[in-house]
Structure formats: C-alpha cells, structure tokens
Participant: 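One structure is given below, represented as structure tokens, and several questions about it will come after.
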Amino acid sequence: MSQSPLRLDRLRNFIGALGDLLDRHDDEESVLREGQLLLRELVLHDDWLPEAFARPDPERYQQYLLHADSRQRFSVVSFVWGPGQTTPVHDHRVWGLIGMLRGAEDAQHFEVTAEGLRPLGEPLRLSPGQVEAVSPRIGDIHRVFNASPDQPSISIHVYGANIGAVRRAVYLPDGSQKPFISGYSNQVLPNIWDLSRESVPA
C-alpha cells in the first residue's frame with residue numbers, strides 16, 4: 001500500500017500567512033492572538049512534517065529548524081521529545097507560540113523571586129491541536145517535558161526571532177541565570193518549495 005504524499009503545502013501556507021500577519025501588525029498582542037489561530041490550523045493536521053524532522057534522540061530532545069524568515073522576524077521549529085525527556089528551566093526573550101502535533105507535553109511556568117525560582121500554578125498539559133503563547137510580557141520562564149513515559153511527542157514552536165541564535169538563559173533553583181544560545185539539531189532544512197515532488201491540491 002503506497003503512502004500518501006506529505007502535505008507540505010500546509011507548512012508553506014502557514015509560513016506565508018504568518019509573514020502576512022507580521023506585515024499587517026507589529027504589536028505582540030495582535031500577533032499572538034491571530035498567530036495562535038494560524039498555528040492551531042497547522043497542528044490540527046498530522047500529515048505534513050517530514051520524518052527527518054520528527055526523529056527523537058535517545059539522549060536529549062531535538063530542536064529541528066523548519067523555516068527561518070529571511071528577515072529573521074520569525075522561525076518555525078519542531079521539538080521532538082523522547083519518552084521522559086525535559087528541558088531545563090529557561091526563557092525565550094521573544095514572543096513564542098507552541099502547538100502540539102503528536103503526543104502530549106507539560107509546561108511548568110516559573111517566576112524569579114528574592115528566594116529563587118517559584119512555580120506558577122500547576123503544569124499546563126498540551127494535547128494535539130492545542131496552542132499556548134509565551135513572551136516576556138505574559139510569562140516567559142518555563143520547563144517543558146514530554147507527558148508520555150513511553151512514546152515520543154512532537155510540538156511545533158514559532159518564535160518572534162531566529163530562536164537558535166537568540167542569547168537567552170537557563171535558570172538555576174536560586175534564580176541565577178546561565179546564558180546559552182540553543183542552535184538547532186539539524187544541518188539542513190526541509191525542501192518545502194519544490195512542487196514537482198508533490199501533488200498540490202488545487
């Protein structure tokens with residue numbers, strides 16, 4: 001039985017729509033509000049992500065760059081979590097949208113107090129099709145972990161910069177910061193522009 005071709009047009013359309021959104025709005029509130037709708041439409045469908053950008057690693061979660069805007073206004077990344085994998089507590093320094101594609105993940109938000117890191121509320125569970133927003137304005141410090149102990153999970157992240165090049169921080173329990181630049185797990189990008197390799201719906 002032949003496998004259906006990937007619907008790479010979904011990712012192309014999302015990238016185009018997000019670029020149009022950023023052309024229309026430069027205020028974060030509008031970008032997050034309308035961007036959530038665009039990302040939700042993308043992650044409601046699980047037929048477009050190439051396998052090379054969906055592979056877990058046994059040692060640590062993977063951060064695959066799918067697209068970087070030519071003006072570095074935004075980047076689109078697939079995060080692939082092996083069973084039980086987690087991030088340290090970290091920030092982003094820019095706005096971000098997280099949409100769940102496969103599996104589930106939990107995010108615990110934190111604030112920095114005079115006594116150190118303090119959890120904010122209970123962990124937030126994201127399931128397929130759900131989207132969360134982060135930013136320095138609305139809350140930017142969290143720890144994310146795969147909610148499944150026995151299967152990979154994949155979330156699609158969109159950031160208001162080339163996130164792999166942003167200088168940001170990991171937070172220690174006493175609230176002190178350790179600077180880092182994340183980079184990306186992949187050396188190549190998915191080729192979403194060669195229409196000769198797919199059947200594009202009219």
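Throughout, residue positions are numbered sequentially from 1 according to the sequence presented.
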Participant: Is Ile138 linked to Val158 within one hydrophobic cluster, defined over Ile, Leu, Val, Met, Phe, Trp and Tyr using a side-chain heavy-atom separation of less than 4.5 Å?
Facilitator: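 Hydrophobic grouping puts Ile138 with Val158.
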Participant: Taking all heavy atoms of Ile15 and all of Phe74, pick out the closest pair and write down the distance.
Facilitator: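 So the two residues come closest at O-CZ, 3.9 Å.
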Participant: Using a 4.5 Å cut-off on heavy atoms from C-beta on, say whether the side chain of Arg24 contacts that of Ser30.
Facilitator: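 Contact flag for Ser30/Arg24 side chains = no.
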Participant: Is there a path of hydrophobic side-chain contacts, each under 4.5 Å between heavy atoms, that joins Leu18 and Phe53?
Facilitator: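 Linked within one cluster.
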Participant: Spell out, yes or no, whether Val80 and Val43 are grouped together once hydrophobic residues are joined by side-chain heavy atoms under 4.5 Å, including indirect joins.
Facilitator: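 Result: yes, single cluster for both.
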Participant: Considering all heavy atoms of both residues, which atom of Gly183 and which atom of Gln63 are nearest to each other, and what is their separation?
Facilitator: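 That closest heavy-atom pairing would be O-NE2, 3.1 Å.
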Participant: Decide yes or no for Ser78 and Ile156: does some side-chain heavy atom of the first lie under 4.5 Å from some side-chain heavy atom of the second?
Facilitator: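 Yes; the side chains approach each other to less than 4.5 Å.
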Participant: Look up atom CD in Glu105 and atom CD in Gln85, then write down how far apart they are to the nearest 0.5 Å.
Facilitator: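 Output value for this atom pair is 12.0 Å.
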Participant: With the 4.5 Å side-chain cut-off for hydrophobic clustering, are Tyr159 and Leu39 part of the same group?
Facilitator: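 No, because Tyr159 and Leu39 fall into different hydrophobic clusters, even though each may have its own neighbours under 4.5 Å.
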Participant: Once you round to the nearest 0.5 Å, how far does CD of Glu41 lie from CG of Asn13?
Facilitator: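 Rounded to the nearest 0.5 Å, the CD-CG separation comes out at 9.5 Å.
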Participant: Can you confirm whether the side chains of His142 and Glu132 place a donor and an acceptor under 3.5 Å from each other?
Facilitator: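 No, because no side-chain N or O of His142 sits under 3.5 Å from a partner of the opposite role on Glu132.
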Participant: Once you measure the plane-to-plane angle for Phe79 and Tyr61, does it fall in the parallel (<30°), tilted (30-60°) or perpendicular (>60°) bin?
Facilitator: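 Ring orientation, 0 to 90° scale: parallel.
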Participant: Would you indicate whether the side-chain heavy atoms of Tyr184 and Asn162 approach each other to under 4.5 Å?
Facilitator: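 Counting from C-beta outward, Asn162 and Tyr184 do come under 4.5 Å.
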Participant: Are the side chain of Asp140 and the backbone N or O of His92 linked by a donor-acceptor pair below 3.5 Å?
Facilitator: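 Present.
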Participant: Give a yes or no on whether Arg167 atom CZ has more than 12 heavy-atom contacts from other residues, nucleotides or ligands under 6.0 Å away.
Facilitator: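 No, CZ of Arg167 has 12 or fewer neighbouring heavy atoms, counting only those of other groups under 6.0 Å.
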Participant: Would Ser148 and Trp81 count as having a side-chain donor-acceptor pair, cut-off 3.5 Å?
Facilitator: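 Side chains of Ser148 and Trp81: no pair found under 3.5 Å.
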Participant: CG of Asp26: more than 12 outside heavy atoms within 6.0 angstrom?
Facilitator: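 Count not over threshold, so no.
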Participant: Please check if the number of heavy atoms outside Glu122 that lie under 6.0 Å from its CD is greater than 12.
Facilitator: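 Atom CD in Glu122 is not crowded, with 12 or fewer foreign heavy atoms closer than 6.0 Å.
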Participant: Does a side-chain heavy-atom distance below 4.5 Å link Trp95 with Arg137?
Facilitator: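 Contact flag for Trp95/Arg137 side chains = no.
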Participant: Could you state the interatomic distance from CG (Leu32) to NE2 (His25), rounded to the nearest 0.5 Å?
Facilitator: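 Result: 12.0 Å between the selected atoms.
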Participant: Which heavy atom of Val131 sits nearest a heavy atom of Gly99, and at what distance?
Facilitator: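 Heavy-atom minimum between the residues: CG2-CA, 4.0 Å.
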Participant: Counting only N and O atoms by type, is there a donor-acceptor contact under 3.5 Å from the side chain of Arg12 to the main-chain atoms of Ile192?
Facilitator: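 Such a contact is found between Arg12 side chain and Ile192 backbone.
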Participant: Do the side chains of Gln36 and Leu97 get nearer than 4.5 Å, heavy atoms only?
Facilitator: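 They are in side-chain contact.
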Participant: Is there side-chain contact between Met100 and Ser155, with at least one heavy-atom pair below 4.5 Å?
Facilitator: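 They are in contact (side-chain heavy atoms under 4.5 Å apart), so the answer is yes.
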Participant: Asp23 vs Arg71, test: salt bridge (Lys or Arg N to Asp or Glu O under 4.0 Å). Steps then yes/no.
Facilitator: CA-CA 12 Å; Asp23 286 340; Arg71 288 182 271 165; 3.7 Å; yes
Participant: Could you grab the distance from atom CG of Leu37 to atom CG of Leu42, nearest 0.5 Å is fine?
Facilitator: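 That separation rounds to 13.0 Å.
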Participant: Should Ile163 and Leu66 be counted in the same cluster of Ile, Leu, Val, Met, Phe, Trp and Tyr side chains packed under 4.5 Å apart?
Facilitator: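 No; tracing contacts between hydrophobic side chains, which count when under 4.5 Å, never links both residues.
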Participant: For side-chain contact (heavy atoms from CB on, under 4.5 Å), just list the numbers for Glu51 and Leu6, CA-CA rounded to whole Å, side-chain angles, deciding distance to a tenth of an Å, and then say yes or no.
Facilitator: CA-CA 10 Å; Glu51 178 60 30; Leu6 288 176; over 6 Å; no
Participant: Please determine whether the number of non-hydrogen atoms from other residues, nucleotides or ligands lying under 6.0 Å from atom CD of Glu29 exceeds 12.
Facilitator: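 Open: at most 12 neighbouring heavy atoms sit under 6.0 Å from CD of Glu29.
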Participant: Provide the closest heavy-atom pair for Asp194 versus Ser196 in the form atom of the first, atom of the second, distance.
Facilitator: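 That closest heavy-atom pairing would be OD1-OG, 2.6 Å.
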Participant: Tell me, do Phe180 and Arg168 make a side-chain contact under 4.5 Å, heavy atoms counted?
Facilitator: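 With C-beta onward as the side chain, the pair touches.
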Participant: With side chains defined as the heavy atoms from C-beta onward, is the minimum distance between Pro56 and Ile154 less than 4.5 Å?
Facilitator: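 With C-beta onward as the side chain, the pair stays apart.
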Participant: How close do Leu101 and Trp48 get, heavy atom to heavy atom, and via which atoms?
Facilitator: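 For Leu101 and Trp48, the tightest heavy-atom pair comes out as CD1-NE1, 3.9 Å.
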Participant: Measure the spacing between CG of Leu65 and NE2 of His157 and express it to the nearest 0.5 Å.
Facilitator: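 Going from CG on Leu65 over to NE2 on His157, the span is 13.0 Å.
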Participant: Please check if the side chain of Ser185 supplies one atom and the backbone of Tyr64 the other of a donor-acceptor pair under 3.5 Å.
Facilitator: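 No: the side chain of Ser185 does not pair with the backbone of Tyr64.
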Participant: Minimum heavy-atom separation for Arg55 and Gln62, please, with both atom names.
Facilitator: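 Looks like O-CG, 3.8 Å.
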Participant: With rounding to the nearest 0.5 Å, note down the distance linking OG1 in Thr86 to CZ in Arg143.
Facilitator: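 Reported to 0.5 Å precision, the distance equals 4.5 Å.
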Participant: Do any N or O atoms from the side chain of Ser127 and from the backbone of Ala104 form a donor-acceptor pair under 3.5 angstrom?
Facilitator: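 Looks like no, no N/O pair under 3.5 Å.
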Participant: Are Asp106 and Arg125 close enough, and set up right, to give a side-chain contact (heavy atoms from CB on, under 4.5 Å), and what steps lead you there?
Facilitator: CA-CA 4 Å; Asp106 291 331; Arg125 171 68 53 89; 2.3 Å; yes
